[in-house]
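Residues take their numbers from the sequence shown, with the count starting at 1.
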Amino acid sequence: MNRLAGATSPYLRQHADNPVHWQEWGAEALAEAAQRDVPILLSIGYASCHWCHVMAHESFEDAATAELMNAGFVCVKVDREERPDLDAVYMNATVAMTGQGGWPMTCFLTPDGAPFYCGTYYPKQPRGGMPSFTQLLSAITDTWRNRRADVDQAAEQVTEALRAQATGLPDAEFAVVPDLLDTAVRAIAADEDREHGGFGGAPKFPPSATLEGLLRHWERTGDQAVFDLVERTAEAMARGGIYDQLRGGFSRYSVDAGWLIPHFEKMLYDNALLLRAYAHLARRSPAMPLESLPHRVTRETVEFLLADLGTADGAFASGLDADTQLEPGGPGVEGATYVWTPSELIGDLGPLDGVWAAEAFGVTTGGNFEQGTSVLTRRSDPVDAEQSTRFDRLRTRMLELRAQRPQPARDDKAVTAWNGMAITALAEAGAALEEPSWVAAAVRCARFLLDVHLVDGRLRRASLDGVAGTPPGVLEDYAWLTTGLLALYQATGEADWLAAAQVLLDSAIEHFADPERPGSWFDTADDAETLVARPRDPVDGATPSGTSALAEALLTAAAVADPERAVRYRELADHTLGRGAVLLARAPRSAGHWLAVAEASVRGPIQVAIAATEKSSAATELLAAARTWSPGGSLVLAGPPDTAPLLADRPLVNGGPAAYVCRGSVCDLPVTDPTALTDALRPKPVSK
């Protein structure tokens with residue numbers, strides 16, 4: 001029988017009506033496989049995955065295929081977002097066996113969980129040199145029954161390789177110094193696609209963490225070429241089809257090099273990380289008569305997060321599906337919600353507005369997508385207030401019309417780490433751009449996570465409908481929620497956020513550290529389920545690695561914590577960055593978040609403490625200047641003298657508010673004038 005109806009993962013629930021006897025990963029599944037003496041068929045995917053839906057529709061909903069699966073295997077379904085530990089282990093096995101990975105992931109395991117054959121999507125019928133899924137099932141069953149020695153040998157070899165890969169980064173080979181970061185940035189810049197923006201070719205993923213790192217590098221060095229690179233990439237993405245020109249929000253990636261045709265799923269983590277980068281860029285963009293592109297994208301991305309991914313509890317859902325189901329029970333159609341034709345626009349908006357909108361959004365007769373449809377782009381902005389008013393009116397109307405179409409499904413699962421990213425971005429953007437409602441949204445989300453996801457002092461990975469799931473939190477969950485709470489501490493000045501952050505960080509140190517290698521971290525806790533290998537992957541991917549994320553949490557906490565904790569946090573941050581330096585030296589494109597944290601580290605990080613006993617206009621102006629001009633990764637806190645570690649021994653000046661700028665343990669003289677504070681913080685070239 002299928003046992004997924006009670007799962008806390010929407011992805012698993014999508015398969016609850018399959019004729020396959022799916023069950024969740026756990027000791028019961030492994031024991032059943034041992035008792036029946038059959039392999040485990042492990043299928044890993046996620047709710048927004050297009051090809052996961054295709055394989056489900058072709059194979060898992062087919063009675064004949066399900067019969068083969070049920071007879072020969074214990075069938076286990078896993079949501080990669082809910083169990084990143086399982087996903088990491090078996091993705092490494094898949095890459096080792098096939099040279100590539102992806103979802104859906106299809107792995108065949110021995111009853112003790114050792115993989116002996118792995119792949120990704122398998123079609124219902126043979127094509128392109130690929131066997132059909134049923135052919136594969138028959139071959140695996142035959143091998144299991146008649147060549148068990150081969151199975152055992154393959155499982156042993158793969159398991160040994162997985163354990164060897166999990167050794168972590170070597171001891172520090174490179175020092176985290178400006179020269180290392182300068183070299184890393186030059187290597188990243190050399191890979192820029194100068195024609196289309198971004199890096200490399202198709203498919204092209206938003207380099208969110210790398211953009212944040214490059215902005216911080218420019219703020220340290222004043223290298224205009226680096227800033228120009230960030231602007232080119234940010235503008236190219238925001239004008240292409242990967243960005244939703246009506247609603248805001250970014251799709252997961254572009255299938256082409258020019259950011260034109262998206263893979264239509266929208267993930268919380270992409271939009272939270274990109275919000276952080278665009279809000280940072282907005283702070284560095286000049287004021288304009290009309291809203292600048294970085295400001296607009298920042299505002300629209302926040303609106304998308306709140307309206308489309310916000311849950312009733314104040315958290316944020318994981319993402320929107322790549323597909324739209326046009327008919328109940330029918331297959332999903334990718335992009336159906338989002339694309340347009342000129343005739344649709346003319347019919348809905350009238351001939352004059354329809355033609356104008358088609359030109360404004362790049363909708364052509366031939367189309368740029370499938371069946372003559374067009375993904376919307378925005379290659380230019382209105383040039384005056386009249387055009388802007390017309391554009392906004394038509395955009396609003398088109399969004400109303402689009403809302404009447406079938407909509408992609410939403411994965412309502414709230415993942416701790418991704419919500420921590422959203423808290424960080426909303427708190428930083430709201431404070432810097434003077435949008436208190438954004439900070440308030442971050443506060444609501446943080447309170448929900450602390451109330452629901454923190455169970456008996458330990459984090460859970462995710463929740464659904466306000467109920468925490470059973471999978472435990474992994475390293476990135478602790479790291480990003482800590483960083484989000486520290487951002488809220490700075491945005492609100494409320495000490496409770498600092499206290500909660502320190503508790504989480506201390507727990508992460510206790511349960512995820514490698515006791516034999518300072519600065520090396522596992523992705524799963526010391527008391528988590530024992531898998532064939534204990535995963536730890538320090539390389540940044542679509543999201544920062546748990547290790548680089550923890551490096552930021554440690555570095556930030558060290559600047560605001562009480563002295564005893566601060567020393568411990570800073571030592572661990574330095575050890576962690578010391579290990580990460582090898583990635584900056586040898587694979588900087590895979591170390592975007594490492595770069596961002598390292599840039600903050602080599603500057604101190606910068607701390608701005610504003611001593612003020614009341615919210616006077618003078619204090620408000622100093623705080624605004626600090627939040628606007630402090631480089632990324634800086635610490636900014638305002639409050640009465642001696643009420644927090646960062647405000648200790650920072651008195652008022654002549655009875656009025658004063659700003660203290662420190663770089664590490666070296667501090668400038670206090671300033672009372674916002675202009676002087678701005679001058680101290682504004683990016684300026686550094687002589688080499």
Side-chain angles (χ1 to χ4, degrees), residues 48 188 196-199 203-216 227 229-254 259 262-285 292-310 316-320 377-378 415 417-430 432-433 435 438 441-442 445 476 480 483-484 487 540-544 548-549 552 589 592-593 595-596 632-633:
S48 304
I188 292 170
H196 301 112
F199 305 96
K204 190 172 281 184
F205 290 78
S208 47
T210 298
L211 293 181
E212 177 67 22
L214 292 174
L215 278 172
R216 295 184 184 188
F227 183 82
L229 185 162
V230 173
E231 274 201 321
R232 283 192 296 270
T233 296
E235 181 167 1
M237 291 192 300
R239 296 199 180 283
I242 192 174
Y243 184 68
D244 186 341
Q245 303 298 341
L246 297 184
R247 187 58 159 174
F250 290 86
S251 295
R252 184 165 171 254
Y253 64 87
S254 170
W259 307 109
H263 186 53
F264 288 90
E265 61 188 316
K266 290 181 179 177
M267 306 304 297
L268 173 59
Y269 58 76
D270 285 320
N271 285 282
L273 294 169
L274 286 166
L275 172 60
R276 191 183 201 190
Y278 275 92
H280 192 170
L281 182 59
R283 289 193 288 137
R284 301 292 170 254
S285 301
S292 75
L293 182 144
H295 279 88
R296 173 175 64 81
V297 172
T298 298
R299 174 181 54 78
E300 291 174 354
T301 302
V302 172
E303 292 170 352
F304 162 72
L305 288 177
L306 296 177
D308 285 24
L309 294 185
F316 295 96
S318 294
L320 299 180
T377 60
R378 185 171 174 177
V415 174
W418 305 351
N419 275 263
M421 296 172 192
I423 293 167
T424 302
L426 288 166
E428 290 181 353
L433 301 179
E435 294 283 357
W438 300 356
C445 182
E476 69 165 358
W480 276 110
T483 297
D540 293 334
T543 58
S548 69
E552 178 173 22
R589 280 275 307 281
H593 195 67
L595 174 64

Nearest atoms (heavy-atom pairs only) where Arg247 meets Ala307: NH2-CB, 3.2 Å
Least distance between heavy atoms, Gly213 atom then Leu595 atom: C-CD2, 3.8 Å
Pair Phe250 + Tyr278: ring centers closer than 6.0 Å: yes
Residue pairs, two or more places apart or on separate chains, that pass side-chain hydrogen bond (donor to acceptor under 3.5 Å, both in side chains) and touch residues 417-429: Arg276-Glu428
Check: Gly197 main-chain N/O paired with Trp259 side-chain donor or acceptor under 3.5 Å: yes
Heavy-atom side-chain proximity of Ile242 to Pro206 below 4.5 angstrom: yes
Side chains of Ser548 and Asp540, donor plus acceptor under 3.5 Å: yes
Side-chain touch Leu274/Thr301, heavy atoms, less than 4.5 angstrom: no
Any residue meeting salt bridge (Lys or Arg N to Asp or Glu O under 4.0 Å) with Arg589, in chain and number order, not counting sequence neighbours: Asp191
Approximate separation, where rounding is to 0.5 Å, of Ser292 OG and Glu235 CD: 10.5 Å
Leu305 side, atom CG; Leu268 side, atom CG - distance, nearest 0.5 Å: 6.5 Å
Distance-minimising heavy-atom pair for Thr210 and Gly592: OG1-CA, 3.5 Å
Straight-line distance of Leu426 CG to Glu435 CD, nearest 0.5 Å: 11.0 Å
Min side-chain heavy-atom separation Met421-Ser208 under 4.5 Å: no
Trp438 side chain near Leu433 side chain, heavy-atom distance below 4.5 Å: yes
Pair Thr298-His295, side-chain donor/acceptor within less than 3.5 Å: no
Test item: Arg378 side-chain N/O and Gln245 main-chain N/O as donor-acceptor pair under 3.5 Å: no
4.5 Å side-chain heavy-atom contact, Ser48 and Met267: yes
Results of ring-ring contact (aromatic ring centres under 6.0 Å, His included) for His263 - residues two or more places apart only: Tyr253
Minimum-distance pair of heavy atoms, taken over all atoms of Val415 and Ser318: CG2-OG, 3.5 Å
Nearest heavy-atom neighbours spanning Gly240 and Thr377: C-CG2, 4.1 Å
Partner residues of Ser254 under the side-chain hydrogen bond (donor to acceptor under 3.5 Å, both in side chains) criterion, sequence neighbours left out: Asp256
Residue list, side-chain hydrogen bond (donor to acceptor under 3.5 Å, both in side chains) with Arg296, at least two apart or on another chain: Glu300
Main-chain N/O of Leu281 paired to Ser285 side chain as donor or acceptor, under 3.5 Å: yes
Close side-chain approach of Asn271 to Phe316, heavy-atom, < 4.5 Å: no
Heavy-atom side-chain proximity of Arg216 to His280 below 4.5 angstrom: yes
Side-chain donor or acceptor of Thr233 paired with backbone N/O of Gly198 under 3.5 Å: yes
Separation of Arg299 CZ from Leu275 CG (nearest 0.5 Å): 12.5 Å
Approximate separation, where rounding is to 0.5 Å, of Phe227 CZ and Arg232 CZ: 11.0 Å
Contact check, side chains of Glu476 and Tyr269, non-hydrogen atoms, under 4.5 Å: no
Main-chain N/O of His196 paired to Lys204 side chain as donor or acceptor, under 3.5 Å: no
Nearest-0.5 Å distance that lies between atom OH in Tyr243 and atom OG in Ser251: 11.0 Å
Partners meeting salt bridge (Lys or Arg N to Asp or Glu O under 4.0 Å) with Asp244 (sequence neighbours left out): Lys266, Arg402
